Asker: 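There's a structure below that I have some questions on.
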Amino acid sequence: MITLGLDPHPGSHTVAALDEQGTPLASLTVPNTAEGLAQLHHFAHPYSCRQWAIEGAANRFITTFVSELLANNEAVTHIPPTLTSQYRARKGRKKNDVVDAQNAARALMANPELPPFQRGVQQRHLQDLTHAQRKLSQEHQAHKATLTSLDLNSPVRPVLEMVMTTLQEQRKVLERHLKDVVSSLLPALLNVQGVGPVVAGIVLGEIGRVERFKNKHHFASYCGAAPVERGSGQNTRMQLNTSGYRRLNWALHIIAIVRLRQDERTKSLVTRLKSQGKSQRKALRILKTYIARELFTLLQQAAASKSPEAPVLAGNAT
């Protein structure tokens, strides 16, 4: 089995082929054009027994190529960027597109249980909405920080205030769109405490087909919310999992923070964990694991009760 690692970018894509021992066979960088994508197919053609490891397989600038692969029933796996960075750290500090493509392939070879990539109904739409909402939020925060450093009589203040008002209004427009889409796909998700339209959009848009996860532990691990064991000799401890998909981990973090403020059961759980010697950070990690399992159960039940074409639960993410 030849593993083809792909490091995609808006302007170019780099592919690297590795054999079963992880030895690099060849690599190629092409422009992100129709001709470039055709060259990627031509590069892969000699490797009849192959699998694709694509860093950020749901990124918009690689959508066309991934769709072609899926249409041809090719084996495609999404590799989180945090996972490729771990392999780069093991191999040294050198970083370029070829190295990243090779590390994407190595990540799949070392983690064959990673779920196959499948694009779902409305998934791209949800991703566009959540990414745009995040960009507007970031711009609003940046202008807000700039505003605090300005003199009260600065002529820049009214300009920034007007821009911030527009950003806030348009962000709310996107959030209303998100609520409408989520309500049409899985309204029960919005009833989960701590889940608003933005978090719900991220969960549905980035998880995709929940059936691709073997169990709740596999799902939590994908979200970066499953503790990992670290030990040597008689010293064994559980440590925070820094891999997994960080965007989903952020969604779990938001849910956890909201519950810590509003939910008495959550407050009691964290208090009990801290009384057992757990730090605030460790208690939060455990809480996020519980939340991941809760979401998995909800998504699994929804997928089992709905027709295949109905929900976005028939998809995957970056």
Side-chain angles (χ1 to χ4, degrees), residues 1-119 206 208-209 212-214 218 221-222 224 228 241-246 315-318:
M1 172 71 74
I2 300 299
T3 303
L4 301 173
L6 183 64
D7 181 34
H9 293 282
S12 65
H13 306 316
T14 298
V15 62
L18 274 64
D19 65 16
E20 293 183 350
Q21 285 71 46
T23 302
L25 301 176
S27 64
L28 176 69
T29 298
V30 301
N32 185 16
T33 61
E35 292 77 12
L37 298 184
Q39 290 178 347
L40 290 180
H41 287 296
H42 187 264
F43 176 89
H45 183 70
Y47 309 113
S48 56
C49 185
R50 60 181 179 262
Q51 60 180 352
W52 289 86
I54 302 180
E55 183 178 89
N59 284 327
R60 291 181 289 278
F61 44 79
I62 195 63
T63 294
T64 299
F65 183 69
V66 172
S67 297
E68 291 172 354
L69 293 179
L70 296 177
N72 293 328
N73 295 318
E74 298 248 13
V76 179
T77 301
H78 157 72
I79 307 297
T82 51
L83 195 54
T84 57
S85 66
Q86 291 181 31
Y87 284 86
R88 182 170 63 250
R90 296 173 188 176
K91 291 291 183 178
R93 300 184 63 86
K94 182 178 180 181
K95 183 186 188 310
N96 55 44
D97 292 344
V98 173
V99 169
D100 285 344
Q102 292 174 351
N103 287 335
R106 291 190 175 99
L108 176 57
M109 295 170 67
N111 300 274
E113 76 282 358
L114 286 173
F117 180 87
Q118 291 178 305
R119 194 175 300 282
E206 306 297 346
R209 184 183 293 276
R212 65 197 178 95
F213 298 100
K214 294 181 293 186
H218 186 198
S221 178
Y222 184 77
V228 292
N241 178 14
T242 56
S243 62
Y245 191 32
R246 305 320 296 169
N316 187 20
T318 106

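Just so it is clear, the values below take in all heavy atoms, side chains as well, and ignore hydrogens, waters and symmetry mates. Since we're looking at a predicted model, the values are computed, not measured. Numbers for residues simply follow the sequence, beginning at 1.
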Asker: Check whether any side-chain N or O of Asp7 sits under 3.5 Å from a backbone N or O of Thr14 as a donor-acceptor pair, and report yes or no.
Answerer: no
Asker: Using distance only, find each side-chain donor-acceptor pair of residues 34-45 under 3.5 Å and give its atom names and separation, not counting sequence neighbours.
Answerer:
from, atom 1, to, atom 2, distance (Å)
Glu35, OE1, Thr33, OG1, 3.4
His41, NE2, Glu68, OE1, 2.6

Asker: Of all heavy-atom pairs between Met1 and Arg50, which one has the smallest distance, and what is that distance?
Answerer: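 Looking at all heavy atoms of both residues, the shortest contact is SD-C, 3.4 Å.
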Asker: Applying side-chain contact (heavy atoms from CB on, under 4.5 Å) to Tyr222 and Glu206, what does each step give before you reach the verdict?
Answerer: CA-CA 11 Å; Tyr222 184 77; Glu206 306 297 346; over 6 Å; no
Asker: Report yes if the side chains of Gln102 and Leu18 come closer than 4.5 Å at any heavy-atom pair, otherwise no.
Answerer: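 Yes, at least one pair of side-chain atoms sits under 4.5 Å.
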Asker: Would you name the heavy atoms of Ile79 and Ala104 that are closest together and state the gap between them?
Answerer: CG1-O, 3.8 Å
Asker: Closest approach of Pro8 and Gly56, non-hydrogen atoms and distance?
Answerer: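 Closest pair (atom of Pro8, atom of Gly56, distance): CG-O, 4.5 Å.
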Asker: Out of curiosity, Asn32 CG to Ile62 CD1, how far, rounded to the nearest 0.5 Å?
Answerer: 6.5 Å
Asker: Identify the two heavy atoms, one from Ala17 and one from Ile2, that lie closest to each other, and give their separation to 0.1 Å.
Answerer: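 Shortest heavy-atom separation between Ala17 and Ile2 comes out as CB-CG2, 4.1 Å.
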Asker: Working to the nearest 0.5 Å, report the span between CG of Leu28 and CG of Leu4.
Answerer: 11.0 Å
Asker: Out of the candidates Phe65, Phe117, Tyr47, only one should pair with Trp52 under the ring-ring contact (aromatic ring centres under 6.0 Å, His included) rule; please name it.
Answerer: Phe65
Asker: What are the two closest heavy atoms between His13 and His9, and how far apart are they?
Answerer: CE1-O, 3.1 Å
Asker: Please name the residue in the list Gln51, Arg106, Glu20 that meets the side chain to side chain donor-acceptor pair (under 3.5 Å) test with Thr3.
Answerer: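 Among the candidates, only Gln51 passes.
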Asker: Determine whether Asn111 and Thr77 satisfy the following criterion, side-chain contact (heavy atoms from CB on, under 4.5 Å), listing intermediate values before the conclusion.
Answerer: CA-CA 11 Å; Asn111 300 274; Thr77 301; over 6 Å; no
Asker: Please confirm whether the backbone N or O of Gln21 pairs with a side-chain atom of Asp19, one donor and one acceptor, at under 3.5 Å?
Answerer: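 Looks like yes, one N/O pair under 3.5 Å.
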Asker: Measure the acute angle between the ring planes of Phe213 and His218, then classify it against the limits of 30° and 60° as parallel, tilted or perpendicular.
Answerer: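 Correct class here is perpendicular.
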Asker: Rounded to the nearest 0.5 Å, what's the gap from CG on Asp100 to CD on Glu55? Could you check?
Answerer: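 So the gap between those two atoms works out to 5.5 Å.
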